[in-house]
Asker: 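Attaching a single structure in structure tokens format; questions to follow.
Computed over heavy atoms, backbone and side chain alike; hydrogens, waters and symmetry mates excluded.
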Amino acid sequence: MSLGPDPQPPPPPPPSPMHSFPSAAPRQELPVEVVSDEEMAFIDAALTAAAAGARPLVSSTAHRAAAQLSCATYSAAGGDIEDSPVPRRSLLARFRERRALAITDITATEWCEKQMEFVLEHGKPERTEAMKAGSERHAQLEQAVVERVEVTIRSAEELWAVKFINFIMGTNQLMFEGMTREIPVIGFVEGSWMVGIIDEIRMPIDGISFQPILVDTKTRVRPTIPSEAQKRNGRLQLMCYKYLWDSLIAEKFPAENFFSYFDLDPNYLLSDNVKQYISSLGFNAKTFEDVLKYFEATCHTLPQSGESLLLRYELQSDHSLLEEYQFTCDARWFKDQIQEVLSFWQGSREPKFVTEEERWKCSFCKFASKCPMIASTSSC
């Protein structure tokens, strides 16, 4: 889906929150620290595949059951990354061929384009303890509403079928219980397929609005609030999720493009194992296309998300709330950011370095010793 003509800038946010959120205890003024903690998931972006996070879901109580995939013969990664030929192909063609761009690809690029290029071409550095702790916290939050079960998949079609079932059952939980977590979304944006997993979606508790609120929780090693650069990155991430969610609700899903791009067979017969699991959730599906039709029907019953988005920052050690940062979606800014990121991925220009004001990021970059900007600065 194209972002279309420049939208009118959104009205400024009201002085009070647009929706009611659970109130947090008064907090002291915290210092700002420019530290790249777990929430900067750019290091993991290179290994984020379109297959990540497919977990079938069902809700019968306050929890919903989720299938943890066991891939018997299907490799989600799609094989080794081939060597780049001459002339040099775009990053999309070299590293995301027949795969979607992940939202973490988008945010990693916005953080530092040159670092994103290094990650793709040289592989990701070892995960830090902060990143591991952040992942564990997200798993804890998910377990509060999700009970996992195991389902074996044997093809890309079954992988996507599981993703769509995830979405269906997760959104059922949202509408009946008021909150859900780990919801996969997909969309066609400016000529490129994109995927993401929304951390949390909750319904407003003010009894007035019925538009879901998209939430992302990030953890901090130290009791400090994030820098503006980190908040900007978080804003972009949530706006991406909002765009994908709203597109699924408002637009007809481009099924033929989807089948063609990902090389999927709509008539693929699901395995007995997958069919049995889907049947246990109340659906009668024999083919991959059957599941897609359930997915499309579900999308058309859901409301558009609210304009107000929420970033939550927690302290890793005790999960105490450091800040709830609520902001309004800015469609014009989002469009500009997406087009800038895609021009990098599509190979229409060389990667940019961080601005002079944000060169503090280089202190936390594992590729700083290889970066030509650092080398040129040091020689001056």
Asker: When rounded to the nearest 0.5 angstrom, what is the spacing between OG1 in Thr287 and NZ in Lys293?
Answerer: 7.0 Å
Asker: Could you report the tightest heavy-atom contact between Ala255 and Leu292, atom names first, then the distance?
Answerer: CB-CD2, 3.9 Å
Asker: Leu248 and His300: which non-hydrogen atoms are nearest, and at how many Å?
Answerer: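 Of all heavy-atom pairs spanning Leu248 and His300, the closest is O-CD2, 4.4 Å.
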Asker: Would you check, one step at a time, whether the test side-chain hydrogen bond (donor to acceptor under 3.5 Å, both in side chains) holds for Thr107 with Gln237?
Answerer: CA-CA 6 Å; Thr107 55; Gln237 181 178 357; 5.2 Å; no
Asker: Do the non-hydrogen side-chain atoms of Pro226 and Glu323 ever get within less than 4.5 Å of each other?
Answerer: yes
Asker: Determine whether a donor-acceptor pair (N or O, by modelled atom type, separation under 3.5 Å) exists between the side chain of Asn233 and the backbone of Gln230.
Answerer: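 Checking the backbone N and O of Gln230 against the side chain of Asn233, no donor-acceptor pair under 3.5 Å is found.
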Asker: Looking at Arg349 and Glu113, is any side-chain nitrogen of the basic one under 4.0 Å from a carboxylate oxygen of the acidic one?
Answerer: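 Yes.
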Asker: For the pair Phe253 and Phe295, name the ring-plane relationship: parallel under 30°, tilted 30 to 60°, perpendicular over 60°.
Answerer: perpendicular
Asker: What residues form a ring pair (Phe, Tyr, Trp, His ring centres under 6.0 Å) with Phe283, not counting sequence neighbours?
Answerer: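 Phe283: ring pair (Phe, Tyr, Trp, His ring centres under 6.0 Å) contacts with Tyr294.
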Asker: Quick check for you: to the nearest 0.5 Å, what is the distance between Leu322 atom CG and Thr224 atom OG1?
Answerer: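 Rounded to the nearest 0.5 Å, the CG-OG1 separation comes out at 7.0 Å.
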Asker: What pairs with Asp265 under side chain to side chain donor-acceptor pair (under 3.5 Å), at least two apart in sequence or on another chain?
Answerer: none
Asker: Enter the distance from Thr171:OG1 to Leu302:CG here, rounded to the nearest 0.5 Å.
Answerer: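 Output value for this atom pair is 5.0 Å.
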Asker: My understanding is that only residues two or more places apart in sequence, or in another chain, count here; which of them pass side chain to side chain donor-acceptor pair (under 3.5 Å) with Asn284?
Answerer: none
Asker: Partners of Phe334 by ring pair (Phe, Tyr, Trp, His ring centres under 6.0 Å), sequence neighbours excluded?
Answerer: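 Phe334 satisfies ring pair (Phe, Tyr, Trp, His ring centres under 6.0 Å) with Tyr243 once adjacent residues are dropped.
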Asker: What's the verdict on side-chain contact (heavy atoms from CB on, under 4.5 Å) for Phe118 and Cys371, showing C-alpha distance, side-chain angles and the deciding distance?
Answerer: CA-CA 9 Å; Phe118 274 128; Cys371 183; 4.2 Å; yes
Asker: Specify the closest pair of heavy atoms between Asn273 and Thr152, including all atoms of both residues, with the distance to one decimal.
Answerer: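 Smallest heavy-atom distance, with atoms named: ND2-N, 2.9 Å.
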Asker: I'd like to check Pro303 versus Met175 (side-chain heavy atoms, cut-off strictly below 4.5 Å). Are they in contact?
Answerer: yes
Asker: Is there a side-chain contact between Ile374 and Ser369 in this structure, where contact means two heavy atoms from C-beta onward sitting under 4.5 Å apart?
Answerer: no
Asker: What pair of heavy atoms forms the shortest contact from Gln115 to Trp111, and how long is it?
Answerer: OE1-CD1, 3.6 Å
Asker: Looking at every heavy atom in both Ala161 and Phe288, which two are closest together, and how far apart are they?
Answerer: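 The pair with the smallest heavy-atom distance is N-CE1, 3.6 Å.
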Asker: Under the salt bridge (charged side-chain N to carboxylate O under 4.0 Å, His left out) rule, collect the residues that match up with Asp290, sequence neighbours excluded.
Answerer: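 Salt bridge (charged side-chain N to carboxylate O under 4.0 Å, His left out) list for Asp290, sorted by chain: empty.
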Asker: Look up atom CZ in Phe167 and atom CD1 in Ile197, then write down how far apart they are to the nearest 0.5 Å.
Answerer: 13.0 Å
Asker: Name all residues meeting the side chain to side chain donor-acceptor pair (under 3.5 Å) criterion together with Tyr268; count only those two or more places apart in sequence or in a different chain, and write none if there are none.
Answerer: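 Result, side chain to side chain donor-acceptor pair (under 3.5 Å) vs Tyr268: Ser155.
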Asker: With Lys352, which residues qualify under salt bridge (charged side-chain N to carboxylate O under 4.0 Å, His left out), at least two apart?
Answerer: Glu340
Asker: Would you say Leu159 and Phe262 make side-chain contact, with heavy atoms under 4.5 Å?
Answerer: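 No. Closest side-chain heavy atoms not under 4.5 Å.
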Asker: Using a strict 4.0 Å threshold on nitrogen-to-oxygen distance, state whether Arg96 and Asp105 make a salt bridge.
Answerer: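 Result for this pair is yes, salt bridge flagged.
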Asker: Is the backbone N or O of Asp272 less than 3.5 Å from a side-chain atom of Tyr277, with the two atoms forming a donor-acceptor pair by type?
Answerer: no
Asker: Return the set of residues passing side chain to side chain donor-acceptor pair (under 3.5 Å) with Glu289 (not counting sequence neighbours), or none when no residue passes.
Answerer: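 Glu289 satisfies side chain to side chain donor-acceptor pair (under 3.5 Å) with no other residue.
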Asker: List in chain and number order the residues that pass side chain to side chain contact (heavy atoms under 4.5 Å, CB included) with Glu121, two or more places apart in sequence or in another chain; answer none if no residue qualifies.
Answerer: Arg88, Arg94, Phe95, Glu117
Asker: For Arg154, is there any backbone N or O sitting under 3.5 Å from a side-chain donor or acceptor partner on Glu158?
Answerer: yes
Asker: Quick check: do Val119 and Phe367 have side-chain heavy atoms less than 4.5 Å from each other?
Answerer: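 SC-SC contact between Val119 and Phe367 confirmed.
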Asker: What about Tyr313 and Tyr325, are their ring centers closer than 6.0 Å?
Answerer: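 Not under 6.0 Å, so no.
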Asker: Listed by chain and number, what are the salt bridge (charged side-chain N to carboxylate O under 4.0 Å, His left out) partners of Glu358, not counting sequence neighbours?
Answerer: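 Checked Glu358 against salt bridge (charged side-chain N to carboxylate O under 4.0 Å, His left out); matches are Arg232, Lys361.
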Asker: Taking the side chain as C-beta and beyond, is there a heavy-atom pair between Trp245 and Pro212 under 4.5 Å?
Answerer: yes
Asker: Can you list every salt bridge (charged side-chain N to carboxylate O under 4.0 Å, His left out) pair that touches residues 235-244, not counting sequence neighbours?
Answerer: Glu228-Arg235, Lys242-Asp246, Lys242-Glu307
Asker: Less than 4.5 Å apart, any side-chain heavy atom of Met203 and any of Ile213?
Answerer: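 Answer no - side chains too far apart.
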Asker: Walk me through it: do Val291 and Trp160 pass the test side-chain contact (heavy atoms from CB on, under 4.5 Å)?
Answerer: CA-CA 9 Å; Val291 178; Trp160 282 104; over 6 Å; no
Asker: Drop me the distance from Leu270's CG to Ser279's OG, to the nearest 0.5 angstrom.
Answerer: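 OG of Ser279 is found 12.0 Å from CG of Leu270.
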Asker: Verify side-chain contact (heavy atoms from CB on, under 4.5 Å) between Glu324 and Gln326, making sure each step is shown before the conclusion.
Answerer: CA-CA 6 Å; Glu324 282 196 338; Gln326 188 180 355; over 6 Å; no
Asker: So do the side chains of Phe327 and Leu311 get within less than 4.5 Å of each other, counting heavy atoms only?
Answerer: yes
Asker: For the SG atom of Cys240 and the CG atom of Leu214, what is their distance to the nearest 0.5 Å?
Answerer: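 Output value for this atom pair is 11.5 Å.
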Asker: Between Arg181 and Ile201, is there a donor-acceptor pair closer than 3.5 Å when you use the side chain of the first and the backbone of the second?
Answerer: no
Asker: Let's go through Met194 and Ile338 carefully: what are the C-alpha distance in whole Å and the side-chain angles of both, what is the deciding distance for side-chain contact (heavy atoms from CB on, under 4.5 Å) to 0.1 Å, and is it a yes or a no?
Answerer: CA-CA 11 Å; Met194 295 184 189; Ile338 289 297; 4.2 Å; yes
Asker: Could you walk me through whether Ser192 and Trp345 pass the side-chain hydrogen bond (donor to acceptor under 3.5 Å, both in side chains) test, one step at a time?
Answerer: CA-CA 10 Å; Ser192 295; Trp345 278 91; over 6 Å; no
Asker: Could I get the full list of salt bridge (charged side-chain N to carboxylate O under 4.0 Å, His left out) partners for Asp318, not counting sequence neighbours?
Answerer: none
Asker: Could you report the tightest heavy-atom contact between Gly196 and Ile103, atom names first, then the distance?
Answerer: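 That would be CA-CG1, 3.8 Å.
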